[in-house]
Protein chains: 2
Amino acid sequence: MGNHTLELFKELGISPSHTRMMIYDFLSENKNHPTVDEIYQALNQFLPTLSKTTVYNVLNLLIKNDLVEAINTSDNEKRYELKIDDHSHFTCIECGTIFDIPRVETTYDKSKLPQFNIVHEQVNLLGVCNSCMKK
Amino acid sequence: MGNHTLELFKELGISPSHTRMMIYDFLSENKNHPTVDEIYQALNQFLPTLSKTTVYNVLNLLIKNDLVEAINTSDNEKRYELKIDDHSHFTCIECGTIFDIPRVETTYDKSKLPQFNIVHEQVNLLGVCNSCMKK
DNA sequence: GTCCTTGCAAAGCGTTTGCACAGAA
DNA sequence: TTCTGTGCAAACGCTTTGCAAGGAC
């Protein structure tokens with residue numbers, strides 16, 4: 001896994017520092033859209049001198065290189081995820097958790113939107129998740 | 001228009017103060033997803049003692065009453081719109097402008113997502129708008 | 001009088017910036 | 001040496017909170 005990350009970074013010309021690979025691998029292993037604080041808390045055990053600034057620096061670097069995507073949440077806090085598989089999101093309006101779901105297909109006529117050069121689409125379903133429904 | 005707003009507020013039990021109706025009417029006439037600051041700047045001419053706190057207060061009140069929806073943008077600033085017509089969004093990745101577009105239909109199988117009670121869906125197309133393409 | 005809207009000031013909090021230190025090339 | 005990754009501290013900007021003054025009823 002780390003080996004794959006190493007090669008990926010080299011291909012993109014990103015110097016593969018320990019911290020950068022740790023953050024990338026963390027996102028690769030934790031598909032729950034963590035916040036900066038959650039990434040920081042988790043990695044601080046292994047990198048005792050880690051700072052949130054570095055987490056921000058690395059995430060923004062990975063975003064520039066199209067490896068990571070930021071999700072803007074309603075509570076003014078961004079969440080981050082690897083930009084690898086094409087999927088959609090379900091957001092629970094009770095607890096705010098974001099779930100990955102299989103890609104939701106859309107149907108629209110591009111010729112009716114000639115004023116836009118559409119390159120990407122996001123679908124977010126909203127509702128109540130299972131554990132919140134039980135409450 | 002103001003008359004419609006007055007009745008709408010009364011139905012919902014919202015006391016129809018001048019400031020509240022002004023903010024609602026502003027959103028009704030300006031479908032360009034303004035920020036709090038844009039609303040404040042625009043209405044401050046007519047309400048010289050207006051404060052941003054009041055704009056926040058009113059918007060959050062309208063959100064609670066399902067009249068207004070907040071859009072979370074990538075620049076950590078929320079944008080607001082009336083929650084009336086069912087539409088989708090196109091966001092320009094160059095200038096950040098959000099355009100309303102006709103509702104984009106989705107095709108997914110609800111039975112394959114039994115763990116979620118889906119009540120709403122959002123579609124956001126991303127790309128470059130006309131005026132940014134010319135640059 | 002009581003309740004509620006408004007708004008000033010301050011706090012809160014996520015994020016970015018300035019800058020310096022240390023390590024890599 | 002030069003460049004670059006890291007991290008402390010401070011600044012920044014949007015949003016919320018505390019609280020008091022004034023108006024509505």
Side-chain angles (χ1 to χ4, degrees), chain A residues 5-6 8-10 12-26 33-65 67-81 96 98, chain B residues 5-6 9-10 12-27 33-65 67-81 96 98:
Chain A
T5 308
L6 182 63
L8 181 65
F9 276 26
K10 282 184 178 171
L12 291 167
I14 303 173
S15 123
S17 78
H18 188 209
T19 309
R20 285 173 177 172
M21 303 228 296
M22 290 278 283
I23 291 175
Y24 182 91
D25 286 344
F26 182 82
H33 323 90
T35 64
V36 162
D37 193 65
E38 286 166 353
I39 299 170
Y40 169 76
Q41 297 296 342
L43 296 185
N44 198 28
Q45 322 172 36
F46 309 108
L47 303 168
T49 69
L50 183 67
S51 76
K52 280 194 192 175
T53 300
T54 298
V55 179
Y56 279 110
N57 286 339
V58 172
L59 287 173
N60 287 332
L61 175 71
L62 298 179
I63 288 173
K64 268 185 202 152
N65 283 275
L67 293 178
V68 166
E69 200 162 3
I71 307 171
N72 309 302
T73 68
S74 58
D75 51 342
N76 309 321
E77 195 174 14
K78 290 186 180 172
R79 294 185 166 273
Y80 297 87
E81 67 178 352
I98 300 169
Chain B
T5 307
L6 181 64
F9 277 26
K10 281 184 178 173
L12 290 167
I14 303 172
S15 124
S17 77
H18 188 210
T19 309
R20 287 174 177 170
M21 303 227 296
M22 289 278 283
I23 292 174
Y24 182 91
D25 285 344
F26 182 81
L27 286 177
H33 322 89
T35 63
V36 163
D37 192 65
E38 286 166 353
I39 299 170
Y40 168 76
Q41 297 296 342
L43 295 185
N44 198 27
Q45 322 171 36
F46 310 107
L47 303 168
T49 67
L50 183 66
S51 76
K52 281 195 192 176
T53 300
T54 298
V55 180
Y56 279 110
N57 285 340
V58 172
L59 287 173
N60 288 333
L61 174 72
L62 297 179
I63 289 172
K64 267 184 202 151
N65 284 274
L67 294 179
V68 166
E69 200 162 4
I71 307 172
N72 310 301
T73 67
S74 58
D75 52 342
N76 309 321
E77 194 174 15
K78 290 187 179 170
R79 294 185 166 274
Y80 297 86
E81 67 177 354
I98 300 169

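Computed from heavy atoms alone, side chains included, the values below leave out hydrogens, waters and symmetry copies. Naming convention: chains lettered A, B, ... in sequence-line order (proteins, then strands); numbering from 1 in each chain.
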Test item: A:R79 side-chain N/O and A:T73 main-chain N/O as donor-acceptor pair under 3.5 Å
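Checking the backbone N and O of A:T73 against the side chain of A:R79, no donor-acceptor pair under 3.5 Å is found.
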
Strand-adjacent residues in residues 35-48 of chain A, judged by heavy atoms under 4.0 Å from DNA chain D:
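Close to the strand, none.
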
Test ring-ring contact (aromatic ring centres under 6.0 Å, His included) applied to B:F9 - qualifying residues, sequence neighbours left out
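So B:F9 forms a ring-ring contact (aromatic ring centres under 6.0 Å, His included) with B:Y24.
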
Reckon A:S51 has a side-chain N or O less than 4.0 Å from the OP1 or OP2 of D:dT6?
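So the side chain of A:S51 is outside the cut-off, no N or O lying under 4.0 Å from OP1 or OP2 of D:dT6.
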
Evaluate the side-chain contact (heavy atoms from CB on, under 4.5 Å) criterion for residues A:K78 and A:N72: first the C-alpha distance (whole Å), next the side-chain angles of each, then the deciding distance (0.1 Å), finally the verdict.
CA-CA 5 Å; A:K78 290 186 180 172; A:N72 309 302; 3.6 Å; yes

Rounded to whole angstroms, how far apart are [atom1] on [X] and [atom2] on [N]?
X: B:N72; N: C:dT15; atom1: CG; atom2: C1'; result: 16 Å
X: B:H18; N: C:dG7; atom1: NE2; atom2: C1'; result: 17 Å
X: A:L59; N: C:dG14; atom1: CG; atom2: C1'; result: 13 Å
X: B:D75; N: C:dT15; atom1: CG; atom2: P; result: 13 Å
X: B:F9; N: D:dA24; atom1: CZ; atom2: C1'; result: 17 Å
X: B:L61; N: D:dT16; atom1: CG; atom2: C1'; result: 15 Å
X: A:M22; N: D:dG5; atom1: CE; atom2: P; result: 18 Å
X: A:I71; N: C:dT15; atom1: CD1; atom2: P; result: 13 Å

In sequence, state the C-alpha distance, the side-chain angles, and the governing distance for B:I23 and B:V68, and then conclude on side-chain contact (heavy atoms from CB on, under 4.5 Å).
CA-CA 11 Å; B:I23 292 174; B:V68 166; over 6 Å; no

Which of these nucleotides, C:dT6, C:dG7, D:dT6, is closest to any side-chain atom of B:R20?
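The listed nucleotide nearest to B:R20's side chain is C:dT6.
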
Picking from D:dG5, C:dG7, D:dT6, which would you name as closest to the side chain of A:S15?
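From the listed options, D:dG5 comes nearest.
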
Rounded distance [0.5 Å steps], CD1 in B:I71 versus CD1 in B:I98
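Going from the CD1 atom of B:I71 to the CD1 atom of B:I98 covers 4.5 Å.
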
Among all residues two or more places apart in sequence or in another chain, which pass the side chain to side chain donor-acceptor pair (under 3.5 Å) test with A:E77?
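For A:E77, no residue satisfies side chain to side chain donor-acceptor pair (under 3.5 Å) once neighbours in sequence are set aside.
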
Quick one: list whatever passes salt bridge (charged side-chain N to carboxylate O under 4.0 Å, His left out) with B:E69, sequence neighbours left out.
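Result, salt bridge (charged side-chain N to carboxylate O under 4.0 Å, His left out) vs B:E69: none returned.
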
Listing, residues 43-50 of chain A side-chain donor-acceptor contacts under 3.5 Å, not counting sequence neighbours, or none:
| residue | atom | partner | partner atom | Å |
| --- | --- | --- | --- | --- |
| A:Q45 | NE2 | A:A42 | O | 3.3 |

Between protein and nucleotides 16-25 of chain C, map the contacts as a letter string: B base, S sugar-phosphate only, - none, heavy atoms under 4.0 Å, written 5' to 3'.
BB--------

Classify the nucleic acid contact of B:S17 as base, sugar-phosphate or nothing, counting any heavy atom under 4.0 Å across all strands shown.
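Sugar-phosphate: the residue B:S17, judged by heavy atoms under 4.0 Å, touches backbone atoms but no base.
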
